[in-house]
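Report on the following structure.
Not measured: the values here are computed from a predicted model. We're numbering straight along the sequence, starting at 1.
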Amino acid sequence: MAAAVPVPAGVGGDELRQQLSAALKPEEEIDDDDDELDETLAERLWGLTEMFPEGMRSATGVAADCSLVLAKKFYSFSRSALWICTTSFMILVLPVVFETEKLQLEQQQLQQQRQILLGPNTGMSGAMPGMLAPPLPGKI
């Protein structure tokens, strides 16, 4: 036997049957009503576009297409510019840096040799004794 359900005041017979059937309906059947609207996010967004006028939709489409084309061109230009800058740096600047470093290393080795041969004070002066040219006459 079914349990007695209290009847609210002012409720008719049809309303009472609907309330009882909703109360006694299993949870699975209630959830199935929501599953009938199976649509993807893209479908839902496409359906929302219908609320805008055609001119606005076409202008938005053109703007999106232009943005995509500009982004592709900017990406292509960036790649080319980066390639040109990198290779130019490697060809033009790195050899100069390597030669400068090599020259500094040779000077440091010469200075160490002078310091070992002539004593600790000569390494600080930076020039070998006798290498200094005498001042030219008449010029101060």
Hey, quick one: are L41 and L48 part of the same hydrophobic cluster, counting side-chain heavy atoms closer than 4.5 Å, chains of contacts allowed? yes
Sort and list the pairs that fulfil side chain to side chain donor-acceptor pair (under 3.5 Å) and have at least one residue in residues 56-84, not counting sequence neighbours. E54-R57
Please tell me whether M51 and M56 are part of a single hydrophobic cluster in this structure, the criterion being side-chain heavy atoms less than 4.5 Å apart. yes
Side-chain donor-acceptor pairs of residues 93-108 under 3.5 Å, sequence neighbours excluded:
| from | atom 1 | to | atom 2 | distance (Å) |
| --- | --- | --- | --- | --- |
| T100 | OG1 | V96 | O | 2.8 |

Ignoring hydrogens and geometry, is there a side-chain-to-backbone donor-acceptor pair from T87 to I84 under 3.5 Å? yes
Qualifying residues under side-chain contact (heavy atoms from CB on, under 4.5 Å), relative to L110, sequence neighbours excluded: Q113, R114
